Amino acid sequence: MNPVLWVVVITLVSLNVAGLWFVFLKAGEPGWQAVVPLWNVWVLRRICGGGRGSLLFESFLAQDLARSFGKGFWFAAGLWLLPFIFVPILGFGSATYQGAANAEPWGESLSGF
C-alpha cells in the first residue's frame, strides 16, 4: 500500500479515536474505553441508553448518539456516513451530553442480543 495512504488512514483513525475519547469524557465515561475495539461500541450503546436493534445497526446508534448530545437528523447522518469528521466535531466541539436519548431500559434493549 502507498505510504501516503497509510498516513491518511492512520490520521483519520487517530482523529476518530481522539474524538470518541472526548465524547466518552463528556458523557461521564473513562476516555480510555474509546481505544478498545467493540467495547467502545458497547459503551456508546450505554451512553445512548441501550440503543435499538443489535450492534450492527450503526445508523440507529448514530441517531441515538446525536440525540444524546442535542443534535438532529443531519448530524446523525454525518456520524453514520462520515464518522471520522463528525465524531471529532462532537468530541471537541461545544456539544454537551444531555442524557441517554433512548428511553428503553438497558436490560430490555439487549434481550434479543
Side-chain angles (χ1 to χ4, degrees):
M1 188 188 298
N2 186 345
V4 174
L5 186 59
W6 272 107
V7 170
V8 169
V9 168
I10 289 171
T11 302
L12 292 177
V13 169
S14 298
L15 276 173
N16 197 33
V17 170
L20 195 58
W21 187 295
F22 282 95
V23 166
F24 284 4
L25 290 177
K26 286 181 177 184
E29 294 285 341
W32 64 264
Q33 296 179 100
V35 181
V36 183
L38 296 179
W39 179 255
N40 57 15
V41 177
W42 191 267
V43 173
L44 276 175
R45 287 177 51 89
R46 188 169 59 222
I47 288 171
C48 296
R52 296 171 279 182
S54 74
L55 292 174
L56 301 177
F57 293 113
E58 292 180 18
S59 62
F60 290 138
L61 185 59
Q63 182 181 1
D64 289 341
L65 182 62
R67 287 180 34 222
S68 295
F69 281 86
K71 300 294 184 181
F73 170 80
W74 292 111
F75 197 89
L79 281 171
W80 181 53
L81 296 172
L82 299 168
F84 52 88
I85 294 173
F86 283 84
V87 169
I89 289 172
L90 194 61
F92 297 124
S94 62
T96 57
Y97 182 64
Q98 299 178 357
N102 191 353
E104 185 177 337
W106 176 244
E108 293 178 20
S109 68
L110 296 178
S111 61
F113 183 64

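Index from 1, following the sequence. Not measured: the values here are computed from a predicted model.
Atom CG of residue L79 and atom CD1 of residue I89 lie 8.5 Å apart, to the nearest 0.5 angstrom. With rounding to the nearest 0.5 Å, the separation of CZ in F75 from CG in L65 is 8.0 Å.
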For L90 and F22: C-alpha separation, side-chain torsions, deciding distance, then whether side chain to side chain contact (heavy atoms under 4.5 Å, CB included) applies.
CA-CA 8 Å; L90 194 61; F22 282 95; over 6 Å; no
Go through it in stages, so that I can follow the logic: the residues are V36 and V43, the test is side chain to side chain contact (heavy atoms under 4.5 Å, CB included), and I'd like the CA-CA distance, side-chain angles, deciding distance and then a yes or no.
CA-CA 10 Å; V36 183; V43 173; over 6 Å; no
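For residues 82-96, no residue pair satisfies the salt bridge (Lys or Arg N to Asp or Glu O under 4.0 Å) rule, not counting sequence neighbours. Annotation: salt bridge (Lys or Arg N to Asp or Glu O under 4.0 Å) contacts involving residues 70-83, sequence neighbours excluded, are absent. Note on residues 17-34: pairs passing salt bridge (Lys or Arg N to Asp or Glu O under 4.0 Å), not counting sequence neighbours, are E29-R46.
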Result block: side-chain N/O donor-acceptor pairs under 3.5 angstrom for residues 5-19, not counting sequence neighbours:
{"from": "T11", "atom 1": "OG1", "to": "V7", "atom 2": "O", "distance (Å)": "2.7"}
{"from": "S14", "atom 1": "OG", "to": "I10", "atom 2": "O", "distance (Å)": "2.7"}

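Residues satisfying the side-chain contact (heavy atoms from CB on, under 4.5 Å) test with L82, not counting sequence neighbours, are F84, I85, F86. Applying the ring-ring contact (aromatic ring centres under 6.0 Å, His included) criterion to F69, with sequence neighbours excluded, gives Y97. Annotation: side-chain contact (heavy atoms from CB on, under 4.5 Å) contacts of W21 (sequence neighbours excluded): L25, W32, A34, V35.
When hydrophobic residues (I, L, V, M, F, W, Y) are linked wherever their side-chain heavy atoms come within less than 4.5 Å, the members clustered with W74 are F73.
Closest approach of G72 to A66, counting heavy atoms only: O-CB, 4.0 Å. Here the closest non-hydrogen pair linking P83 and P88 is O-CD, 3.5 Å. What you find for A62 and A76 is that their closest heavy atoms are CB-O, 3.6 Å.
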